Every structure is written in C-alpha cells, then in structure tokens.
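Bear in mind the structure is a predicted one, so any value in this text is a computation, not a measurement. As the structure lists them, so they are numbered: ligands from 1, and atoms in each ligand from 1. Position 1 is the first residue of the sequence; numbering continues from there.
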Amino acid sequence: MSFSKDFLWGAASAAAQIEGAWDEDGKCPSIWDVAGKHIKNGQDCHTACDHYHRYKEDVALMKEMGLKSYRFSISWPRIMPEKGKVNPKGIEFYKSLVAELKAAGIEPLVTLYHWDMPLWADREGGWKSTKIIEYYLEYVKVVVEALSGDVRYWMTVNEPQVFIMSAYVIGNFAPFEHAVFSYKNCLRHMLLAHGKAVRLIRETAKQKPIIGLAMAATTYIPDSEDEVGLRDAAQKSFESAVGEGSNGLYCDPIALGKASKMLRRKLSAEDLKTISEPIDFIGVNVYQPSNGMINKKGYDTSTLPKTMMGWVIDGRCLYWTIRQYYERYHLPIMVTENGMANPDTVGADGKVHDDIRVKFLDDFLSGLRRAVDEGIPVLGYQHWSIMDNFEWCEGYGPRFGLIHVDYKTQKRTIKDSGRHYAEIIRTNGENLY
Ligand code: GCO
C-alpha cells in the first residue's frame with residue numbers, strides 16, 4: 001500500500017500566531033493579546049505575519065507548493081467580540097479565506113479553538129466556568145452556519161492538555177493561572193464542550209462533516225518490538241502519570257467513553273455519553289517522544305539532534321504515535337501538526353537553506369509512510385507550520401515555518417524544506433522510505 005491519491009498533504013497554522021490585525025474590523029482582544037510580560041523580548045502577537053491582510057499572497061504560496069490541504073483556526077474574538085454579538089466582518093474574513101483556498105484547490109481544515117479565548121469570556125472564568133460551554137457552542141454554531149457550505153473538516157479543539165493543564169495549572173500559557181483546584185472542572189468543561197460541539201456540527205453543517213480534534217500526543221517509543229515491548233510502550237503513552245501522561249486522561253472519555261481513575265468521580269454516566277459523541281478521526285500533534293522524560297535508561301538524548309526549542313529529533317515517534325493511537329481508539333488518524341523550530345535566515349543567494357528541516361521531513365515522513373504501508377487509515381499530514389510565526393511565550397525567535405517570514409518587511413520566502421516538501425507532495429510520497 002502507499003498514499004491514496006486523495007491523501008491530504010498540507011500545513012497548519014493558528015489564528016493568534018499569524019493573523020495580526022488584533023484590534024481591527026471589530027475584533028476584541030484575546031487572552032493572548034494581553035499576555036504582555038509573559039512573552040519574551042517584549043514581543044506580542046498584534047501584527048504577527050499580518051496574514052489577515054496578506055492571506056491572498058499566502059494562499060498563492062500554498063498553491064505554488066502544491067498543498068492539498070491547509071489547517072487553520074478561527075479566531076473566536078473576531079467572530080464574537082462581545083457576549084451574544086456576532087461580528088459580520090469577522091465572518092467575512094474567513095469566508096474570503098475559504099473561497100481563496102477552494103479556488104486554489106486546497107481543502108480547508110478548520111480548528112474551532114486554538115487557544116485565543118476572547119477576553120470577555122476569560123473574565124467570566126474561562127474554562128473554569130460552566131458558562132464557557134454555552135458560549136463556545138454559540139460561537140461554534142455561528143461558524144458552522146457560515147462556513148459549512150465549503151468546509152467539511154472540523155476540529156473542535158487544539159491540544160486541550162496545553163490550554164487546560166499549562167494554562168490553568170502550570171500557568172505558563174494564557175491566561176497564566178495556578179488554579180490547581182479547578183483542574184478537574186476545566187477538564188470536564190472542555191470535554192463536554194467538545195462532545196456537544198460534535199453533535200451541534202453534525203446537526204448544523206450543510207454537508208456531511210468530518211469531525212475530530214487535535215491532541216498533543218505524548219508518545220513512548222517501544223524499547224523492543226516484541227509483545228512485551230509494545231504493550232509496555234503503549235501503556236506508558238496512554239496511562240503513565242509522568243510527563244503529561246495525558247493521552248488517556250484526555251482522549252479516553254472522548255474516544256472510548258471511559259474515564260481514567262482521576263476523572264471517575266467527576267464525570268457522570270450522562271457526561272460520558274455526551275463527551276463520547278462519535279467522531280470521525282483523531283488528530284495528533286507530534287513533536288518529540290516522551291522516552292527521555294519517562295525512562296531515561298536506554299534512551300540517551302545526548303546523542304540525538306535537537307531543535308532550537310531543545311526538543312529531541314527522533315523521527316520514529318511519528319510512526320509510533322499513529323500506530324498507538326490507532327490501536328487504542330480504532331479511528332482514522334490525521335497528523336494535525338509535526339515540525340521543528342530552527343533559527344533560519346535568508347542567505348546572500350536570497351534562499352533559506354534549512355537542511356536540518358529537510359532531513360527532519362525525510363525522517364518523520366518515512367515513519368508516516370510505514371504506517372500507511374501497514375494499512376493504518378491516515379487521512380493526511382499537516383506540517384507545522386506553513387510559515388514562521390508567533391510561538392506563544394517564546395515570541396518570534398523559534399521559526400517553525402516551511403516559509404520564512406521577515407517580520408520587518410513581511411516578505412515571504414519559501415525555504416528549501418518547503419521546496420522539498422512540495423516535491424514529496426508532487427510524487428505523493430513515492431520516494432519516502
Ligand atoms: C501546538 C500549537 C502550536 C505550536 C506548535 C509548536 O499545538 O502546540 O498548536 O500552536 O506553535 O506546537 O510549539
């Protein structure tokens with residue numbers, strides 16, 4: 001087997017990280033617009049890649065690269081700048097973006113929540129409050145009614161582990177809280193919001209929707225591929241409390257209708273029924289394996305290359321994430337993010353020679369190919385990211401893009417990796433091994 005001809009080769013982004021235009025055309029601030037002192041070097045996301053004004057140029061570059069799909073998120077504060085109030089200009093923007101993508105033959109994949117909560121909703125308690133479920137659903141309904149004529153693929157939320165655990169417990173992502181005792185409430189609200197949104201999308205969409213969510217995958221690569229090695233690794237990936245230990249905690253209620261020990265008292269049978277509303281795929285965001293965190297023995301990270309985020313580069317983790325998720329949940333998989341940060345610069349020849357990302361693509365995508373060859377249903381691969389962007393509290397230092405962005409001039413340059421990826425797409429992955 002190899003990649004089907006409709007395999008979704010694409011790239012990803014998120015509204016707060018690329019759009020800019022933070023206070024234009026009726027948008028209200030999001031929790032990231034006011035993150036101020038938490039962001040490195042006094043930077044902010046107010047202009048970012050100015051994609052709001054340059055989306056046509058950006059879609060043209062995607063077309064030049066031959067992308068089949070583009071995963072982006074909708075800015076909730078652009079759509080609903082006040083409680084109960086819809087902003088027509090916000091809707092207009094996404095309609096234009098989707099139209100541009102469709103005209104370029106690129107399938108739009110829409111993430112409904114990629115962390116940029118409107119400030120007004122945060123002031124009412126954000127994910128800590130039960131009210132968030134109703135607010136989120138109201139927003140989702142508006143978006144689905146407006147876009148589902150052209151959009152088929154929907155992701156309810158992106159990396160709930162980060163916008164719950166990191167944002168409300170560890171406090172290193174907006175809204176930067178240490179509300180430890182609210183952790184289980186936040187989790188429950190997110191899970192219910194997800195399940196109810198799935199049902200709402202199915203009831204509201206103008207064409208048959210394909211619905212999933214994007215998980216921050218925590219993957220343990222097996223020490224050996226025998227039965228014990230495989231079982232042991234899967235158990236660490238889904239049930240271990242070390243690291244985020246979050247695959248099972250966050251995804252079992254959704255995909256299996258089961259609560260892990262920690263949530264058993266928190267979720268009623270009724271809740272679980274709502275949360276496990278059937279979905280069509282699971283999205284996995286894959287960056288580095290958990291081995292270094294869980295079991296340092298036998299996994300020497302000192303010999304492995306690292307990205308500028310300090311993340312270990314080990315291409316095997318893409319294959320194992322896909323396989324472990326599929327074996328546990330028996331749902332089609334979409335790689336919703338995978339990529340690396342590097343301090344890329346434009347050379348004297350006007351090009352960006354990011355050899356390390358070219359190699360990264362070959363390493364990770366050969367694992368993707370292995371998964372597909374073994375018959376695992378994988379719907380697509382969305383590289384993170386289409387272009388360099390605002391990396392949350394890290395600001396603009398880490399560059400994750402296939403396209404380089406000069407933030408002073410907003411000039412875009414397709415990197416060598418972007419050209420390499422274009423060739424992989426053109427040959428439909430035939431040369432990956
Ligand atoms: C993520 C986020 C992205 C990050 C990327 C690199 O889902 O974590 O979706 O916004 O930029 O992962 O850290």
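The nearest protein atom to atom 8 (O) of ligand 1, hydrogens excluded, is given as Glu159 OE1, 2.8 Å; this is a heavy-atom distance. Counting only heavy atoms of the protein, atom 5 (C) of ligand 1 lies nearest to Tyr287 OH, 3.2 Å. Looking from atom 10 (O) of ligand 1 to the surrounding protein, the closest heavy atom is Gln17 OE1, 2.6 Å.
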**Study point:** Candidate pair Trp154 and Tyr113, rule ring-ring contact (aromatic ring centres under 6.0 Å, His included), full reasoning
**Key:** CA-CA 10 Å; Trp154 301 94; Tyr113 186 70; over 10 Å; no

Exercise for review: Take Gln382 and Ser69 through the test side chain to side chain donor-acceptor pair (under 3.5 Å) and record every step on the way to the result.
Suggested key: CA-CA 8 Å; Gln382 315 309 319; Ser69 55; 2.8 Å; yes

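Taking distance alone, with nitrogen or oxygen atoms compared against 3.5 Å, Asn389 stays at or beyond that limit from ligand 1.
With respect to the salt-bridge test (charged N to carboxylate O, under 4.0 angstrom), the residues Glu391 and Lys40 do not qualify. Between Arg328 and Asp252 there is a salt bridge, since a side-chain N of the basic residue sits under 4.0 Å from a carboxylate O of the acidic one. In this structure, Arg78 does not pair ionically with Glu24, as no charged nitrogen and carboxylate oxygen lie closer than 4.0 Å. Between Asp388 and Arg399 there is a salt bridge, since a side-chain N of the basic residue sits under 4.0 Å from a carboxylate O of the acidic one.
The shortest separation from a heavy atom of Phe390 to ligand 1 is not under 4.0 Å, leaving the residue out of contact. Ligand 1 has Asn158 within reach: a non-hydrogen atom of the residue lies less than 4.0 Å from it.
Between the SG atom in Cys317 and the CD1 atom in Ile322 there is a gap of 9.5 Å [rounded to 0.5 Å].
Side-chain atoms of His404 and Asp344 include no donor-acceptor pair closer than 3.5 Å.
Ligand-side atoms of ligand 1 in range of Phe400: 6 (C), 13 (O), range being under 4.0 angstrom from any heavy atom. Of all atoms in ligand 1, numbered sequentially from 1 with element shown, those under 4.0 Å from a heavy atom of Asn285 are 7 (O). Near Trp384, the atoms of ligand 1 lying under 4.0 angstrom from a non-hydrogen atom of the residue are 3 (C), 4 (C), 5 (C), 6 (C), 10 (O), 11 (O).
Here Met309 has no heavy atoms under 4.0 Å from ligand 1, in either its backbone or its side chain.
Between Arg71, Glu337, Glu391, Glu394, it is Glu337 that holds the heavy atom closest to atom 1 (C) of ligand 1.
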